[in-house]
Visitor: 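Sharing a structure here in structure tokens format.
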Amino acid sequence: MPDIKSVQSVKLKILAERTKIEITSATGFLCEYKEKLFLITNWHVVNGRNNFTKELLDKKHGALPGFLDLQLTYIQKAENDNFITYILPFEQSLFYYNSDEDFYDESKPLWIEHDRKNEIDLVAIDLTQFKNVCSLPGFKLMAYNIEEEISYTQYTTGISVMDKVFIIGYPLSSGLSPNEYPIYKGATIASEMKNNDEPPIIFIDGKTKSGMSGSPVILKHEFSGSVEGDALFGKTQLIGVYSGRESTSPDVTEAELGIVWKLEQCLLPILEKAIKS
């Protein structure tokens, strides 16, 4: 069985709203929060626009996203306590369906965004509402437990500049990748951090490419700490969500810096909003 983090990332194909042609690819990941399952990715992925300038990202077709093609990895328990994995495709409109008038209503997007809208380049899609995704007998989807990930922060020394992180996503086409699992791209924390950083981002230094937008960013602990007696040394912690270079400002792109949106300040408010709605 692959590393558990590998089956929590999700390969996304972004399909045009009218023709369903593939206009780009990206990454998402699964997380659990208060007994609900969510798909997390970037705002610019589902909107098809640069979250800073609102400029259309698809220069080739001039199309906006209308559908997601998700490659979900299910786990099934086999004999002798072994596990086998299955990659199953799942196509979903990005908008709720109006059955009375037989059309997908673009005024009712499927995703939940931050109250600051495009200023925070993150969205969450509640997968719990789709029974064909979450209720496959004998199968299980693995997800980051957000409450557990946040609880780690009180037992650690925090995130520091020069710390090593990994972006777990899909930068390669299927023909070039050795298998169906994501690539772990290493990077280092490139900016000092304060609790009131504005915008609430972390800069990372590391070569990345399109397709990794929406990837989870994890920190591997290299010190001895514990959570209720369980050693943290060598364990990983979700610290945020990567935002691809194509959606950043020109200055950030030229500096070859990547953006990570902070977990507690950016993603958590979206999940809380989703639970309340």
Visitor: To which residues is L64 joined in a hydrophobic cluster, defined by side-chain heavy-atom contacts under 4.5 Å among Ile, Leu, Val, Met, Phe, Trp and Tyr, whether direct or through other members?
Guide: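 When side chains under 4.5 Å apart are linked, the cluster holding L64 also contains L56.
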
Visitor: Suppose we screen for side-chain hydrogen bond (donor to acceptor under 3.5 Å, both in side chains). Which residues come up paired with K185, at least two apart in sequence or across chains?
Guide: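 K185 satisfies side-chain hydrogen bond (donor to acceptor under 3.5 Å, both in side chains) with no residue once adjacent residues are dropped.
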
Visitor: Specify the closest pair of heavy atoms between T41 and T27, including all atoms of both residues, with the distance to one decimal.
Guide: OG1-O, 2.9 Å

Visitor: Take a 6.0 Å sphere around CD of E198 and say whether it holds more than 12 heavy atoms from other residues, nucleotides or ligands.
Guide: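 Correct, the count exceeds 12.
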
Visitor: Is there side-chain contact between S9 and S215, with at least one heavy-atom pair below 4.5 Å?
Guide: no

Visitor: Y104: what forms a side chain to side chain contact (heavy atoms under 4.5 Å, CB included) with it, not counting sequence neighbours?
Guide: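 Counting only residues at least two positions away or on another chain, Y104 forms a side chain to side chain contact (heavy atoms under 4.5 Å, CB included) with F67, S93, F95, Y97.
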
Visitor: What residues, two or more places apart in sequence or in another chain, satisfy side chain to side chain contact (heavy atoms under 4.5 Å, CB included) together with I112?
Guide: I270, K273, A274

Visitor: Residues in side-chain hydrogen bond (donor to acceptor under 3.5 Å, both in side chains) with E91, at least two apart?
Guide: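 By the side-chain hydrogen bond (donor to acceptor under 3.5 Å, both in side chains) rule, E91 matches K20.
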
Visitor: Sequence neighbours excluded, which residues qualify as salt bridge (Lys or Arg N to Asp or Glu O under 4.0 Å) partners of K108?
Guide: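 Counting only residues at least two positions away or on another chain, K108 forms no salt bridge (Lys or Arg N to Asp or Glu O under 4.0 Å).
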
Visitor: Just how far is it from atom CG of L238 to atom CD of E148, taken to the nearest 0.5 Å?
Guide: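 The CG atom of L238 sits 11.0 Å away from the CD atom of E148.
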
Visitor: Kindly write out the residues that satisfy salt bridge (Lys or Arg N to Asp or Glu O under 4.0 Å) with K276, not counting sequence neighbours, or none if the list is empty.
Guide: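 Once residues adjacent in sequence are excluded, K276 has no partner under the salt bridge (Lys or Arg N to Asp or Glu O under 4.0 Å) criterion.
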
Visitor: With F38, which of L267, I275, I146, I125 fulfils side chain to side chain contact (heavy atoms under 4.5 Å, CB included)?
Guide: I275

Visitor: Is the shortest side-chain N to carboxylate O distance from E272 to K34 below 4.0 Å?
Guide: yes

Visitor: Hey, is the main chain of N42 close enough, under 3.5 Å, to the side chain of D121 for a donor-acceptor pair?
Guide: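 Pair absent, no side-chain N/O of D121 close to backbone of N42.
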
Visitor: Does a donor on one side chain sit under 3.5 Å from an acceptor on the other, for Y181 and T85?
Guide: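 Distance-only check passes for Y181 and T85.
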
Visitor: What are the two closest heavy atoms between I40 and A124, and how far apart are they?
Guide: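 For I40 versus A124, the nearest heavy atoms are CD1-CB, 3.6 Å.
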
Visitor: Report whether Y96 and F90 are members of the same hydrophobic cluster (ILVMFWY, side-chain heavy atoms less than 4.5 Å apart, transitive linking).
Guide: yes

Visitor: CG of L263 to CD1 of I239: how many Å apart, nearest 0.5 Å?
Guide: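 Reported value, rounded in 0.5 Å steps: 9.0 Å.
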
Visitor: Tell me every residue that passes side-chain hydrogen bond (donor to acceptor under 3.5 Å, both in side chains) with N98, counting only those two or more places apart in sequence or in another chain.
Guide: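 Counting only residues at least two positions away or on another chain, N98 forms no side-chain hydrogen bond (donor to acceptor under 3.5 Å, both in side chains).
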
Visitor: So which pairs with a foot in residues 8-31 pass ring pair (Phe, Tyr, Trp, His ring centres under 6.0 Å), sequence neighbours left out?
Guide: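 For residues 8-31: F29-Y144.
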
Visitor: Looking at every non-hydrogen atom in both residues, tell me the closest pair between I87 and P89 and how far apart they are.
Guide: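 Closest pair (atom of I87, atom of P89, distance): O-CD, 4.1 Å.
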
Visitor: For E22, check side-chain hydrogen bond (donor to acceptor under 3.5 Å, both in side chains) against everything at least two apart and list the hits.
Guide: none

Visitor: Minimum heavy-atom separation for V161 to A190, with atom names?
Guide: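 Residues V161 and A190, closest heavy atoms: CG2-C, 4.0 Å.
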
Visitor: Output all residues satisfying side chain to side chain contact (heavy atoms under 4.5 Å, CB included) with K54, sequence neighbours left out; order by chain, then residue number.
Guide: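 K54 satisfies side chain to side chain contact (heavy atoms under 4.5 Å, CB included) with W43, N118 once adjacent residues are dropped.
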
Visitor: Quick one: pull up CG in L94 and CD in E17 and give me the separation to the nearest 0.5 Å.
Guide: 10.0 Å

Visitor: Could you report the tightest heavy-atom contact between M212 and Y242, atom names first, then the distance?
Guide: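 Smallest interatomic distance, heavy atoms only, reads O-CD2, 3.3 Å.
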
Visitor: Heavy atoms only: give me the nearest A26-S213 pair and the separation to one decimal.
Guide: CB-O, 3.7 Å

Visitor: For I120, is there any backbone N or O sitting under 3.5 Å from a side-chain donor or acceptor partner on N51?
Guide: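 It does not hold such a pair.
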
Visitor: Which residues satisfy the side chain to side chain contact (heavy atoms under 4.5 Å, CB included) test with E32, sequence neighbours excluded?
Guide: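 Residues passing side chain to side chain contact (heavy atoms under 4.5 Å, CB included) with E32: L37, A143, N145.
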
Visitor: Rounded to the nearest 0.5 Å, how far apart are CG of L30 and CE of M142?
Guide: 10.5 Å

Visitor: So, taking the atom named SG in C266 and the one named CD in E119, what distance separates them when rounded to the nearest 0.5 Å?
Guide: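 It comes to 11.0 Å.
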
Visitor: Taking the side chain from Q265 and the backbone from P200, do they hold a donor-acceptor pair closer than 3.5 Å?
Guide: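 Judged by distance alone, no pair lies under 3.5 Å.
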
Visitor: Output yes when a side-chain donor or acceptor of N47 lies under 3.5 Å from a complementary backbone atom of R49, and no otherwise.
Guide: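 It does not hold such a pair.
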
Visitor: Using a 4.5 Å cut-off on heavy atoms from C-beta on, say whether the side chain of I14 contacts that of L68.
Guide: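 Of all side-chain heavy-atom pairs linking I14 with L68, at least one is under 4.5 Å.
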
Visitor: Is a side-chain donor-acceptor pair under 3.5 Å present for Y184 with S6?
Guide: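 Yes, side-chain donor-acceptor contact under 3.5 Å.
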
Visitor: Decide yes or no for I167 and I204: does some side-chain heavy atom of the first lie under 4.5 Å from some side-chain heavy atom of the second?
Guide: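 SC-SC contact between I167 and I204 confirmed.
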
Visitor: Are any side-chain N or O atoms of T188 and backbone N or O atoms of G206, one a donor and one an acceptor, separated by less than 3.5 Å?
Guide: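 Side chain of T188 to backbone of G206, a donor-acceptor pair under 3.5 Å: no, none is there.
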
Visitor: Just by distance, do the side chain of D58 and the backbone of A63 share a donor-acceptor pair under 3.5 Å?
Guide: yes

Visitor: What's the separation between atom NE2 in H114 and atom CG in L271, rounded to the nearest 0.5 Å?
Guide: 10.5 Å

Visitor: Mind checking whether Y170 and L12 sit in one hydrophobic cluster, side chains of I, L, V, M, F, W, Y counted as touching below 4.5 Å?
Guide: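 Different hydrophobic clusters.
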
Visitor: Looking at side-chain heavy atoms only, is the closest gap between I202 and K262 below 4.5 Å?
Guide: yes

Visitor: Shared ILVMFWY cluster between F139 and L39, side chains joined below 4.5 angstrom?
Guide: yes

Visitor: Do the non-hydrogen side-chain atoms of V45 and P65 ever get within less than 4.5 Å of each other?
Guide: no

